[in-house]
Amino acid sequence: MHLSIRLRALGALFSLGVCALFGVPTAHAANSTACSGGGFSLTLPNGSPILIPKSKGGGNRVDVPSQSLPSHGILKVRGTYVEFDIDVSTFAVYNYTLKASNNPLDITGGVTTVLFTRKEPILGTTTLDGSSMRVENKDGGVRLIREGQSLKMKIQASDCAQGGIFQMEPEWATETGTIDFVHTLGPNVFYFTNPYTGKINFGNLDLIRGKDSPQVAAKLVQDEHETVWRVTSGGRMGGVLGEDAVENSPAATPCTKNCQAQNQVHGRYDVPDPVYESDGDGED
């Protein structure tokens, strides 16, 4: 697959500053090509790498003790395509960055771009301190789980040039309640109404297209650069990039238990945003 550069020919502005696009070819979601060569390395707040032992069954995991997780220490997550930092006390994510690469599905236009300066749960005095953190690494992705006295947080991330690349899930011990999440975009990225789908995307004035992917969550406030979401315990705040962000797919189902299978895509959806021109098979 090759990405159109026609967006550089800017036209009239749409809602929230999105530029006009030309033509509506058909395209489909990115495949595993987007994740080729991907994989994360993780560094603890003290500078030590997290070493995850390999197992024949593929379920590679390690438990990091609480002594290695000082209050509000920063865990560094670095990949081929994506990098970000995590506050180990809250699982707030900072400086979520899409890196320029030579992957054929690269959407950076050769410019490493901070997509979010923060994806931050507002927890008040609640923290995850005092507990260990489970780290699982498989197939180029990472899953982090930490459970405090009253709150469990999970982050799943994939190191890919585009596709479904991020998900954060909060869960209160009582399985009730909500958490507000603040998503603040990077300095060169903005939210806009996509004129071809009617959905809210984030992007720049080039190839980048992304979308917040909520489940059992309500949007409280949104402007050009920031959104506040209220997520029910057991729900999620996810994120997708590229073709997955602009396809004509239905919203996630409103469930809080064992939801992933119910939300699998069967078949293909049209991608009407003409910034992506091909059928997504990795070829012209």
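- In summary, the side chains of Ser132 and Asp63 do not present any donor paired with an acceptor at a separation below 3.5 Å, with no hydrogens or angles considered.
- Criterion: ILVMFWY side-chain heavy atoms under 4.5 Å apart, direct or through other members. Under it, Tyr191 and Val182 are not part of a common hydrophobic cluster.
- Minimum heavy-atom separation, Ser213 to Gly239: CB-N, 4.0 Å.
- Within the 3.5 Å criterion, the main-chain N or O of Gly39 finds a donor-acceptor partner in the side chain of Asp159.
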CA sep, side-chain torsions, deciding dist, call: Leu151, Ile179, side chain to side chain contact (heavy atoms under 4.5 Å, CB included): CA-CA 10 Å; Leu151 178 67; Ile179 293 177; 3.7 Å; yes
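- In this structure, CD on Gln162 lies 5.5 Å from CD1 on Ile107, to the nearest 0.5 angstrom.
- Of the inter-residue distances, the one linking Ile208 atom CD1 with Thr113 atom OG1 reads 4.0 Å to the nearest 0.5 angstrom.
- To the nearest 0.5 Å, atoms NZ (Lys119) and CD1 (Ile86) are separated by 11.5 Å.
- Side chains of Val88 and Ile74 form no contact here, defined as non-hydrogen atoms less than 4.5 Å apart.
- To the nearest 0.5 Å, atom CG of residue Asn201 and atom CZ of residue Arg209 are 7.0 Å apart.
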As a quick check of understanding, evaluate side chain to side chain contact (heavy atoms under 4.5 Å, CB included) for Phe166 and Met237, giving each step before the final call. CA-CA 8 Å; Phe166 186 86; Met237 280 308 308; over 6 Å; no
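- Between the side chains of Ser101 and Asn103, no donor-acceptor pair of N or O atoms lies under 3.5 Å.
- Proximity of a side-chain donor or acceptor of Ser89 to a complementary backbone N or O of His72 within less than 3.5 Å is detected.
- Judged by distance alone, the side chain of Ser131 and the main-chain N or O of Leu128 form a donor-acceptor pair under 3.5 Å.
- Within the 4.5 Å cutoff, side-chain heavy atoms of Met133 are placed close to those of Leu75.
- The nearest pair of heavy atoms linking Ala161 to Leu105 is CB-O, 4.0 Å.
- In this structure, Ile145 is not a member of the same hydrophobic cluster as Leu42, with clusters built from ILVMFWY side-chain heavy atoms closer than 4.5 Å.
- Between Phe181 and Arg230 the shortest side-chain heavy-atom distance does not fall below 4.5 Å.
- One hydrophobic cluster holds both Ile165 and Met153 under the rule that ILVMFWY side chains link at heavy-atom gaps under 4.5 Å.
- Side-chain contact, Glu169 with Gln156: a donor N or O sits under 3.5 Å from an acceptor N or O.
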Derivation of the side chain to side chain contact (heavy atoms under 4.5 Å, CB included) call for Val82 and Leu98: CA-CA 5 Å; Val82 172; Leu98 185 63; 4.2 Å; yes
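- Annotation: side chain of Tyr81 is not in contact with side chain of Lys99 (no heavy-atom distance under 4.5 Å).
- By the 4.5 Å heavy-atom criterion applied to side chains, Pro70 and Pro45 are counted as neighbours.
- Looking only at side-chain heavy atoms (C-beta outward), Arg146 and Leu144 stay at 4.5 Å or farther from each other.
- Side-chain atoms of Lys154 and Glu171, non-hydrogen and from C-beta on, never get closer than 4.5 Å to each other.
- When side chains are defined from C-beta on, Thr227 does not count as touching Val221, because their heavy atoms never get closer than 4.5 Å.
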Assess the residue pair Met168 and Arg236 against the criterion (side chain to side chain contact (heavy atoms under 4.5 Å, CB included)); give the C-alpha distance rounded to whole Å, side-chain angles, the decisive distance to 0.1 Å, and a yes or no. CA-CA 6 Å; Met168 185 184 298; Arg236 73 172 189 211; over 6 Å; no
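- Note that OG1 of Thr178 and CH2 of Trp172 are 8.5 Å apart. Values are rounded to the nearest 0.5 Å.
- No continuous path of hydrophobic side-chain contacts links Val231 to Val228 [ILVMFWY only; heavy atoms under 4.5 Å].
- Interatomic distance, Leu115 CG to Asn95 CG, rounded to the nearest 0.5 Å: 11.0 Å.
- Checked by atom type and distance alone, the side chain of His225 never pairs as donor or acceptor with a backbone atom of Thr184 at under 3.5 Å.
- Looking at Thr90, its side chain does come within 3.5 Å of a backbone N or O of Ala92 through a donor-acceptor pair.
- Under the 4.5 Å side-chain heavy-atom criterion for grouping Ile, Leu, Val, Met, Phe, Trp and Tyr, Val240 is not connected to Val114 through any hydrophobic cluster.
- Checking Tyr96, Phe192, Phe116 one by one against Phe202, the ring pair (Phe, Tyr, Trp, His ring centres under 6.0 Å) holds for a single residue, Phe116.
- Ion pairing between Arg78 and Asp85 holds under the 4.0 Å rule for side-chain N and carboxylate O.
- The shortest non-hydrogen separation linking Leu207 to Asn204 is N-OD1, 3.6 Å.
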